[in-house]
Each structure stands twice: as C-alpha cells, then as structure tokens.
> 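Would you mind keeping the following structure in view while I ask a few things?
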Amino acid sequence: MTAFIKKHKVLTIILGLSLAVVMVLGTIFFVRAHHYKTHFFPGTVMSGVNVSELTEEEATAKVSRFVADYLLTIYARDDQKYYIEGPSIGYAYVPNGEIGQILGEQDVYDWMKQVKQSKEQEIDLSTTFDKQRLETELAGLACMQTDQMIAPEDAKIAWVDDSYQLVPEVMGTTLDFVEVLQLVTQAVENGDTSVELFDYYKDPKITSDDPQLNACMDTIETYYGTSITYTFGDEEPFALTNEMIQEWLNVDEDYQVSVDDEKITNFVQQMASKYNTYGDVREFKTSLGDKVKIGGGDYGWVIDKEKEKAQIYEDLAQGGHIEREPVYNQTAKEYGAYDIGSTYVEIDYTNQHLWYYEDGELIVDTDIVTGNLSRWNGSPDGLFKIVYKQRDATLVGEGYSSPVKYFMPFAYNVGIHDASWRNKFGDQIYLTAGSHGCINVPPKVAEKLYEVLSVGTPVIAYYREKVYLTAENARISNAYSYISEDDYEDLKKKDPTAVNPKPKKEN
C-alpha cells in the first residue's frame, strides 16, 4: 500500500511539472505572438532596409532615414562625376501606410516558422523633394557653368605647322540647362541613383570620319607626296619640293583642293629666267684667239612656259617623285650658260671670214662677203642656228632675183649661199658692195658646207666694231645691233658720229 502511494505521488509531480511546462511554453508562445502583432518578424527587409523586430513607427523612421541618404551620381564627359545629395534637395520618404499594412498581414501565430525565414520585399518608396532646391544644386555644379563650357568645334582641314592637316573635332562640354534639369528631375522622381549626360551635349556637326574631309586629305597627301626634280645635263638640278607644293595649295570652304596658278606661273618663270639662254649675251672666244661679247639672235634654251605649267598640273595629279627635263620650246646643243658646244659656224663680219668647226675640229675656213653696210643692209649679228637647207633656191628681194644652188638660212631670210657672180671675197667689199644681207661664199665652199652642216647647228655672227642695223631682217631676227630707224635718227641728233664704219683708205 505504501509503495502504491509513493508511485502515485511521483506521477502527480510529473504531471504537474508537465502541465507547468506546457503552461510556460504556451505563455511564451502567446506572448511572442502578441509581440509580433506590433513588430516585424526577424529577417524582414523592405526595399533593402532591415526592419527586423521593429515596430511600424520604428520601421518607418528607419526607411525614412534610408531614403534621406539618397545620392544621385551624374556622369559627364572627360570622366567627370558630380553628385546631388538627398538632404540638399529636401529629399524625403512619404509614408503611405504600406509598412503598417505589411505588419498587419503578418500571421502572428505562425511566428515560430516565420522567424526562421528571410522576408525581402519591395515597397513603394514614395518620395518628395524640393524642385527649386534641386534646380539650385544643379545650377551650382561645375559642368553647368556656361563660362567653363567648351564649345564644340567641327573637324576641319587647316594650315598647321606649315602644312594642311586634318584637325579633329572638339567634342566640347556645352550643355543646355533646361534639358539637363528635365533629365535630372525625372531621375530624382524615379529614385534613380545615377544619370548620364553623354547624349545631352551639343556635338560638332562634322567629325574626323567625314567622307568629304577624308577625300580632301587624300588629294592633299597626293600633292604632298609629289616632287619634281628638273635635270639639265651636268648642271645642278632644279627642284620643285614638297614644301613648295604645300605652299601652292588652296582649300576652299567646300574642301575642294586647288593649286595656286599664279605661284606655278612664278615658279616656271623663275626656272626660265635661270635656265633660258635665248638672247643672252655670251663671251665667245674667236678663231683669232680673242674674246668678243655677243647676244641677240634666236639661239638658246627656251622653256615653253605654258606647256611646262600644264605638265606640272599633270605631275601633281599623278603624284610621286618625278625626275625629268623641263618642257622646251627650243633647245641648244649643250646645257649651261655657254650652250654653243664644239660644233658651230663662226662668222666674223669685220674680218669677212667664216669658220665651221665640227666637234672642235676646223672643217671649213673661207673668206666671205656679207651685207652692204653703206646701204643699211648689214647682215644680222647674234647667235642663231641653221633653220633649214635648200637646193636650187631663188632669192628674191626688192629689185633683185638671184638663183643659188645651196641656201642655208639662219636669221629670218638671211642665210649662207654660193655667189657664182663674185670672183673675189673678203677684204672690205661688204662696206660698199656687199650683199642684201646674206653671207656670200665661193661655190665650192657652199657645196661643202651644204654637205656637212646639219639643221640646228649654231651660228655665231659678230662685228668687232659698233654698227647700226635698221633692216627688217635685223629686227625680225633679233639682231644684236638692231636699232629702229626712229631711234637711230634720235641717236644721230645726240651723236652725229654714230655711223656705220667706212672703208679704210688704201695707202
């Protein structure tokens, strides 16, 4: 009996303790359930804000603080960043009851399960801000200062460092405040944390990849890659350099490339002035061993200036490094100031003698009779060339007609020919009984000259004393001693001694 009573007491104690535990646990459960009627479950996150174990008021305050920490980052050109902070524009959260609604929807009697789960959700973060303050903040940013903005510049072709170059565009930093304000205001209203201004800059209209610009530069580079080296035998070359060509170019507002025609003209003229020998006075060593100065005539190098200009235009369009001779209108036997060479005819009017040298060797040596100075038919002096050769010609002039077998003209209608009607040559015949201007030679000499002379052979004809030539053939052939009749009359008035030489009296 005693044992039974003891066992019954133990069961009663155990049962009491169990009941007490159940009552404690139940109390705890309901206390916690009651707690979560006013507090959020652990792990509750609203739009990134952890509100675990917070009341509605506490959660609202925390969300408000989170929103107030708003920061808008503005990305600009040149890797620049600017910031607008929430407090500076009165940025604030506007509660709309959503937090309380979420709290009221918690199943408090399921708290034991809920506390072990993460509960992240987005809520409507309704906000407000002061638009006037936002405008003020934006206006204060460095990127919005008009005096610091760099205006955009179109890409262009310009003269830089002594050459035309493609100058890249300048993107600039010019912004329209009204457009940017609208963009930033919308970003703040949306709660965006960043905004880019790249599409709001005023950009240049023409960029470096513009087809017209690049076509222009291609043309320019063709010119820049061109040079012309002119050769003159063993003489020093004359160059049209890249640098000179660069200075000739013009680029108009439509990026059309042209070459300054006046500069080409001046260049060709410069070259012609340096290398043309036509009409130049030369010092000539005579067959008698002395030296005379003689100019005039039509012999020498002559650059064809118009054709040379045209060829330069062609060369510039073709491009490259070109080596060539100038385009000549007339050439001589050799290059250089003394361009006569070693094959030529020498006529000494004063001594009435003719020599013909071939490659420096004397081939013909003869007395002659030349133009009658007393009748103003003196033969033209100067540097000439054999123009052509003719067999069986008839020389016709005022009051005469003379058939000849060999005619070799060199100065207009004046030439070397046989004179079968003469039986004497040389001496002073020419002063009173000379020809109408031609060079009379013995028939056998004329025949030989006709055989050996080539067309283009230089003819150096000179007087050793001062003479005055007024005949038409002297004018047309650019004779060295030519003077117009009017000028001669004026000269005579000033100097009565200005007359052609007279025959010397025989002792």
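Values reported hereafter were calculated over all heavy atoms of this structure, with side chains retained and with hydrogens, waters and symmetry mates removed.
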> Test your reading of the model: is there a side-chain donor-acceptor pair from Q145 to the backbone of L141, 3.5 Å cut-off?
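Side chain of Q145 to backbone of L141, a donor-acceptor pair under 3.5 Å: yes, one is there.
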> If we ignore hydrogens and angles and just use 3.5 Å, is the side chain of S484 paired with the main-chain N or O of D487 as donor and acceptor?
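Checking the backbone N and O of D487 against the side chain of S484, a donor-acceptor pair under 3.5 Å is found.
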> Tell me the salt bridge (charged side-chain N to carboxylate O under 4.0 Å, His left out) pairs involving residues 209-218, sequence neighbours left out?
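Passing the test, one end in residues 209-218: no pairs.
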> Under 4.5 Å between any side-chain heavy atoms of D260 and N250, yes or no?
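They are in side-chain contact.
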> Kindly compute the distance separating OG1 (T343) from CG (L453), expressed to the nearest 0.5 Å.
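Rounded to the nearest 0.5 Å, the OG1-CG separation comes to 10.0 Å.
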> Can you tell if the side chain of D203 reaches within under 4.5 Å of the side chain of M171, non-hydrogen atoms only?
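Counting from C-beta outward, D203 and M171 do come under 4.5 Å.
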> Can you find a side-chain donor-acceptor pair between S52 and N50 that sits under 3.5 Å?
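Yes, side-chain donor-acceptor contact under 3.5 Å.
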> Looking at E361, I want to see if its CD is surrounded by more than 12 non-hydrogen atoms of other residues, nucleotides or ligands under 6.0 Å.
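No.
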> Evaluate whether atom CG of D290 has more than 12 neighbouring non-hydrogen atoms of other residues, nucleotides or ligands under 6.0 angstrom away.
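Count over threshold, so yes.
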> Nearest 0.5 Å please: distance from the CG atom of L316 over to the OG atom of S227.
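Atom-to-atom, L316:CG and S227:OG are 10.5 Å apart.
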> Going through the distances and angles, do R475 and E472 end up as a salt bridge (Lys or Arg N to Asp or Glu O under 4.0 Å)?
CA-CA 5 Å; R475 181 188 70 81; E472 183 68 1; 2.4 Å; yes
> Within the supplied structure, the quantity of interest is the number of heavy atoms (other residues, nucleotides, ligands) at a distance under 6.0 Å from K205 NZ; does it exceed 12?
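Counting other residues, nucleotides and ligands, NZ of K205 stays at 12 neighbours or fewer.
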> Do N473 and S477 have side-chain N/O donor and acceptor atoms under 3.5 Å apart?
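No, S477 and N473 have no side-chain donor paired with an acceptor closer than 3.5 Å.
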> Nearest 0.5 Å, what's the OH-CD1 distance between Y488 and I483?
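The distance works out to 8.0 Å.
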> Any chance the side chains of Q246 and N242 put a donor and an acceptor closer than 3.5 Å?
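N242 and Q246 do not have a side-chain donor-acceptor pair below 3.5 Å.
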> Take atom NZ in K291; do more than 12 heavy atoms of anything else shown fall under 6.0 Å from it?
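Not buried by this count: 12 neighbours or fewer within 6.0 Å.
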> Are T174 and P152 packed together at the side-chain level, in the sense that at least one heavy-atom pair is separated by less than 4.5 angstrom?
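With C-beta onward as the side chain, the pair touches.
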> Is any side-chain heavy atom of Y93 closer than 4.5 Å to a side-chain heavy atom of I99?
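Side chain of Y93 against side chain of I99, heavy atoms only: contact under 4.5 Å found.
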> Do the side-chain N and O atoms of Q106 and H39 include a donor-acceptor pair separated by under 3.5 angstrom?
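Note: Q106 and H39 side chains miss the donor-acceptor criterion.
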> Does atom NZ of K309 have more than 12 heavy-atom neighbours from other groups under 6.0 Å away?
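Atom NZ in K309 is crowded, with more than 12 foreign heavy atoms closer than 6.0 Å.
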> Please answer whether the main-chain N or O of I123 pairs with a side-chain N or O of S47 as donor and acceptor at a distance below 3.5 Å.
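Indeed, once roles are kept as given, a pair shorter than 3.5 Å links the two residues.
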> Are side-chain heavy atoms of L383 and Y480 found at a separation under 4.5 Å?
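L383 does not reach Y480 side chain to side chain.
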> Please name the residue in the list R282, K333, K385 that meets the salt bridge (charged side-chain N to carboxylate O under 4.0 Å, His left out) test with D339.
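When salt bridge (charged side-chain N to carboxylate O under 4.0 Å, His left out) is applied between D339 and each of R282, K333, K385, only R282 qualifies.
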> The test is salt bridge (Lys or Arg N to Asp or Glu O under 4.0 Å); show your working for E189 and K131 and say whether it passes.
CA-CA 10 Å; E189 288 176 348; K131 291 187 177 181; 3.4 Å; yes
> Using a 3.5 Å distance criterion without hydrogens, assess whether the side chain of N96 forms a donor-acceptor pair with backbone atoms of E98.
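Yes; judged by distance alone, with no hydrogens or angles, the pair exists.
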> Just how far is it from atom CG of D381 to atom CD1 of I294, taken to the nearest 0.5 Å?
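If I round to the nearest 0.5 Å, the distance is 4.5 Å.
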> Kindly state whether the ring of F284 and the ring of Y344 have centres lying under 6.0 angstrom apart.
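Yes, they do, as the ring centres are separated by less than 6.0 Å.
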> If you measure from the Lys or Arg side-chain nitrogens to the Asp or Glu carboxylate oxygens, is any gap between K307 and E314 under 4.0 Å?
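So K307 does not pair with E314 through a salt bridge.
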> As an exercise, state the distance from CD1 of I322 to CD1 of I228, rounded to the nearest 0.5 Å.
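Answer for the CD1-CD1 pair, I322 versus I228, is 5.0 Å.
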> My understanding is that only one of Y335, Y338, Y278 makes a ring pair (Phe, Tyr, Trp, His ring centres under 6.0 Å) with W301; could you say which?
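With W301 as partner, Y335, Y338, Y278 yield a single ring pair (Phe, Tyr, Trp, His ring centres under 6.0 Å), made by Y335.
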> Got more than 12 heavy atoms from elsewhere within 6.0 Å of CD, E236?
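No - once you tally the heavy atoms of other residues, nucleotides and ligands closer than 6.0 Å, there are 12 at most.
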> Evaluate whether atom OH of Y200 has more than 12 neighbouring non-hydrogen atoms of other residues, nucleotides or ligands under 6.0 angstrom away.
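No, not enclosed.
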> Which heavy atom in P237 sits nearest to a heavy atom in T229, and how many Å separate them?
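Result for this residue pair: CB-CG2, 3.8 Å.
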> Are D261 and Y313 close enough that a side-chain donor and a side-chain acceptor fall under 3.5 Å?
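Judged by distance alone, the side chains do pair up.
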> If you count the non-hydrogen atoms of other residues, nucleotides and ligands that lie under 6.0 Å from CG in D161, is the total more than 12?
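Counting other residues, nucleotides and ligands, CG of D161 stays at 12 neighbours or fewer.
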> Taking the side chain from Q212 and the backbone from D254, do they hold a donor-acceptor pair closer than 3.5 Å?
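Yes, the answer is positive, given that a donor and an acceptor are paired below the 3.5 Å cut-off.
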> Go through N266 and Q270 one step at a time and tell me if the side-chain hydrogen bond (donor to acceptor under 3.5 Å, both in side chains) criterion holds.
CA-CA 6 Å; N266 292 341; Q270 179 186 3; over 6 Å; no
> Is a donor on one side and an acceptor on the other found under 3.5 Å between the side chain of Q330 and the backbone of G300?
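The answer is yes, because a donor-acceptor pair under 3.5 Å joins these two groups.
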> Side-chain contact test, heavy atoms from C-beta onward, threshold under 4.5 Å: evaluate it for V345 versus I460 and give yes or no.
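Sidechains of I460 and V345: no contact.
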> Within the 4.5 Å heavy-atom criterion, are V67 and Y91 side-chain neighbours or not?
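In short, these two side chains touch, coming nearer than 4.5 Å.
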> Show your working on side-chain contact (heavy atoms from CB on, under 4.5 Å) between I102 and F40 and close with a plain yes or no.
CA-CA 9 Å; I102 294 173; F40 288 99; 4.1 Å; yes
> Just by modelled atom types, is the S194 backbone N or O under 3.5 Å from a matching donor or acceptor in the T73 side chain?
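Judged by distance alone, no pair lies under 3.5 Å.
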> Which distance, rounded to the nearest 0.5 Å, do you find between the CE of M46 and the CG of D124?
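CG of D124 is found 12.5 Å from CE of M46.
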> Show the atom names and distances, to 0.1 Å, of all donor-acceptor pairs under 3.5 Å that link a side chain in residues 80-88 to residues at least two apart or in another chain.
{"from": "Q80", "atom 1": "NE2", "to": "D78", "atom 2": "O", "distance (Å)": "3.3"}
{"from": "S88", "atom 1": "OG", "to": "E85", "atom 2": "O", "distance (Å)": "2.5"}

> Do the side chain of E169 and the main chain of S208 share a donor and acceptor less than 3.5 angstrom apart?
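Yes, because the side chain of E169 sits within donor-acceptor range (under 3.5 Å) of the backbone of S208.
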> Centroid separation under 6.0 Å, is that true for the rings of F267 and F238?
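Yes, they do, as the ring centres are separated by less than 6.0 Å.
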> Take T55 and E57, measure what side-chain contact (heavy atoms from CB on, under 4.5 Å) needs, and give me the verdict at the end.
CA-CA 5 Å; T55 65; E57 292 75 15; 3.5 Å; yes
> So T219 and Y223, side-chain contact (heavy atoms from CB on, under 4.5 Å) or not? Walk me through it.
CA-CA 7 Å; T219 302; Y223 285 130; 3.7 Å; yes
> With side chains defined as the heavy atoms from C-beta onward, is the minimum distance between V251 and C216 less than 4.5 Å?
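Contact flag for V251/C216 side chains = yes.
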> Where does the angle between the aromatic ring planes of W159 and Y164 fall among parallel (under 30°), tilted (30 to 60°) and perpendicular (over 60°)?
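Rings of W159 and Y164: perpendicular, over 60°.
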> Verify side-chain hydrogen bond (donor to acceptor under 3.5 Å, both in side chains) between T265 and Q269, making sure each step is shown before the conclusion.
CA-CA 6 Å; T265 300; Q269 181 59 55; over 6 Å; no
> So does V327 get a backbone contact from the side chain of E308, meaning a donor-acceptor N/O pair under 3.5 Å?
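The answer is yes, because a donor-acceptor pair under 3.5 Å joins these two groups.
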> Would you sort out whether S342 and D359 count as a side-chain contact (heavy atoms from CB on, under 4.5 Å), showing the intermediate values?
CA-CA 5 Å; S342 57; D359 295 328; 4.2 Å; yes
> Quick one: does any side-chain atom of K305 pair with a main-chain N or O of A272 as donor and acceptor, under 3.5 Å?
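Side chain of K305 to backbone of A272: no pair is present.
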> Write down the atom of L138, the atom of L181, and the distance for their closest heavy-atom approach.
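For L138 and L181, the tightest heavy-atom pair comes out as CD2-CA, 3.5 Å.
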